[in-house]
Q: 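I'd like to ask some things about the structure below.
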Amino acid sequence: MDRNLFHVTPRGWAGLGLAAFCFAVLPAVVGSYWLSILTSAACFTMAASGVAFMYARLGMVSLTQVGLMGIGGWVALRLNYAFAFPFEVNLVLAALATMICGWVLALPALRMRGLYLALVTLMAAGGLEIIFSTFQFPNGGSGFWGVKIGSADPFRGPALAPGPAAYLRYVVVMVTLGFLFIEGHRRLFPGRAWALIRRSEAAAMAAGVNVTLYKTWAFGIAGLLAGASGTLLAGSLGLLDDGTFRSPESIMIFALSVVGGAQYWLGAVVAAVLYRVLPGLLNQWGVNADLAFVIFGAGLLHAVITAPDGIAGQIWGGIGRLMSRRKGGAE
Amino acid sequence: MIEVEGVLVRFGGVIALNEVSARFTAPVAGIIGPNGAGKTTLMNVISGFVTATAGRILVEGEDFLALAPHRRAHRGLRRSFQKDQIADDLTVFDNVLVQLDFTLAGGAAKRAEVMRMLDVVGLADRAGRIGAELTGFERRLTDVARCLVGRPRLVMFDEPAGGLSVEETHRLGELIQGIHGLTGAQTLVIDHDVELIARVCAETLVLDFGRRIAFGPTADVLADPRVKAAYLGTEEVAP
Ligand SMILES: Nc1ncnc2c1ncn2[C@@H]1O[C@H](COP(=O)(O)OP(=O)(O)OP(=O)(O)O)[C@@H](O)[C@H]1O
Ligand SMILES: [Mg+2]
């Protein structure tokens with residue numbers, strides 16, 4: 001129906017190209033250490049895409065994205081041990097449950113502007129951290145919380161993807177679908193409403209846009225992606241640890257999304273690479289992985305001072321200049 | 001018909017509108033007055049951005065003050081602001097289409113209507129441009145096109161000619177005069193350009209310090225000595 005809905009931009013081609021590379025080449029050439037790190041990075045790419053999208057489109061700051069991932073992972077594990085649903089059913093149900101939990105946590109703040117959402121989501125992240133560390137994640141035990149002492153029962157991964165290499169491919173496909181989901185929204189009526197809301201809420205209302213509804217919608221998408229990424233992370237490890245979902249991690253993912261470049265798909269990838277791959281590299285080189293925090297801090301300063309569009313903005317800008325110089329030289 | 005009845009607005013100690021009443025019946029009506037007179041505040045009350053302490057606003061008999069701002073737009077209210085409200089990252093087309101997104105009409109019908117109104121304002125050939133590439137006048141025209149789609153009943157312009165050249169103001173005046181014939185909507189225009197008001201508005205409301213000091217046919221109002229003292233008096237002081 002929409003002529004431009006399926007138009008692929010150059011950056012879009014680059015994204016599809018990277019996805020194809022991560023699907024076809026990466027899983028075949030890396031060992032098990034890097035398979036697990038890259039899978040985790042792909043999961044966090046999806047979570048980062050949610051916060052980044054909300055920040056870039058509406059200026060909304062959510063500081064509970066990793067906490068919401070925890071909810072998604074919890075629901076997926078709970079469903080896995082309680083029922084015999086296939087992985088995909090658990091994935092969808094966990095994503096929806098996370099979306100709803102996100103709304104419940106944030107609804108009072110969605111009507112308000114500016115810092116309130118950030119503060120409310122930060123408190124939510126703190127609350128979730130306490131719940132996760134108190135009750136832990138289901139591992140096959142009995143009762144509602146489903147926790148038992150000792151080793152976890154087996155987790156049913158997707159039937160389509162047996163083994164870690166296939167699972168990385170599976171996650172790459174899901175992350176790509178997540179990006180397409182966001183981009184589709186951006187190109188249709190919600191994207192128009194969001195663009196006008198960002199211009200000015202008064203102008204949006206005057207144009208008939210229900211501002212609270214569309215903000216809630218955006219928050220719902222971020223929650224959906226967090227829930228799906230939490231499920232995918234659970235599927236990668238077969239179990240989850242509460243240490244993964246502490247509230248500083250949510251702040252970190254938000255900050256890295258800004259460093260990466262919130263308005264580009266590449267920004268979310270950069271954020272996840274910094275968050276997961278960089279510590280993995282430092283580890284492999286025998287350097288203390290806490291050095292990553294120093295690098296994050298430098299990256300944030302760099303973004304604040306010289307790169308308002310983040311690292312992705314600089315990469316695209318650099319490529320753009322290179323292309324135009326090439327063209328200029330050829331003529 | 002637009003009925004404004006006893007509208008009272010206070011901002012802390014400031015009385016921005018002091019029981020203002022007016023019954024607009026002309027296709028195009030003007031609202032004038034010196035800076036800070038309460039013109040924009042009146043439009044904000046009608047749009048729902050400012051809450052009146054007392055009073056009523058009726059648009060063709062329908063009580064508007066009970067509706068949320070976006071619902072007023074659904075019921076046929078359109079407005080532009082002193083500053084244009086064009087999203088830089090949307091095309092001209094999408095900037096207008098957004099106004100129709102709440103309706104359940106088919107996509108093709110909406111697209112056709114957007115194109116028709118872009119044609120009216122003279123932007124049909126620039127429909128695919130993004131907002132960031134537009135000139136000031138083109139942005140203003142996009143605002144006007146957005147006000148025309150979706151069967152408006154009341155269109156309000158807040159200083160639409162601000163920053164425009166003489167020819168551009170003339171073109172804008174023609175467009176405003178055409179709105180009633182094109183859509184059936186009534187139009188309210190705020191502007192400091194008295195020439196523009198005299199040309200396009202059959203009736204005019206004059207505000208000063210939140211009070212109505214005159215209301216009626218534009219020629220009579222502009223000839224009113226009280227208006228000359230209040231409004232034109234400040235014109236002389238201003239450079
Ligand atoms: N949101 C607000 N809070 C406090 N005071 C306000 C607010 N909006 C307007 N006012 C005050 O109300 C009075 C009327 O302002 P308004 O903007 O309606 O004037 P105006 O007639 O549109 O003037 P101008 O020609 O300068 O646009 C002014 O004294 C202004 O300072
Ligand atoms: Mg004003």
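Since this is a predicted model, take the numbers as computed values, not measurements. So that the names make sense, note that chain A is the first sequence line, chain B the second, and so on, each numbered from 1.
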Q: Indicate yes or no for a side-chain donor-acceptor contact from B/Gln85 to the backbone of A/Ala203 under 3.5 Å, with no hydrogens or angles considered.
A: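 Side chain of B/Gln85 to backbone of A/Ala203, a donor-acceptor pair under 3.5 Å: no, none is there.
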Q: Take atom CZ in A/Arg198; do more than 12 heavy atoms of anything else shown fall under 6.0 Å from it?
A: yes
Q: Which bit of B/Asp143 comes within less than 4.5 Å of chain A, counting heavy atoms only: side chain, backbone, both or neither?
A: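 Contact with chain A: none, neither part.
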Q: Any idea which heavy atoms bring B/Ala73 and A/Ala206 closest together, and the distance?
A: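 For B/Ala73 and A/Ala206, the tightest heavy-atom pair comes out as CB-O, 3.4 Å.
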Q: So for atom OH, which belongs to A/Tyr55, do other residues, nucleotides or ligands contribute more than 12 heavy atoms lying within a distance under 6.0 Å?
A: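 Check fails, neighbour count at 12 or below.
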Q: Give, as side chain, backbone, both or neither, the part of B/Ile86 having an atom under 4.5 angstrom from any heavy atom of chain A.
A: backbone
Q: Within a 6.0 Å radius of atom CZ on B/Arg56, are there more than 12 heavy atoms belonging to other residues, nucleotides or ligands?
A: no
Q: Could you tell me whether B/Asp89 and A/Arg199 have a side-chain N and a carboxylate O separated by less than 4.0 Å?
A: no
Q: Looking at side-chain heavy atoms only, is the closest gap between B/Leu90 and A/Leu196 below 4.5 Å?
A: no
Q: Considering non-hydrogen atoms only, spot the tightest contact between B/Phe102 and A/Gly208 and give its length.
A: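 Closest approach of B/Phe102 to A/Gly208, heavy atoms only: CB-O, 4.3 Å.
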Q: Is B/His70 close to A/Val209 at the side-chain level, that is, under 4.5 Å between some pair of heavy atoms?
A: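 No; the side chains remain at least 4.5 Å from each other.
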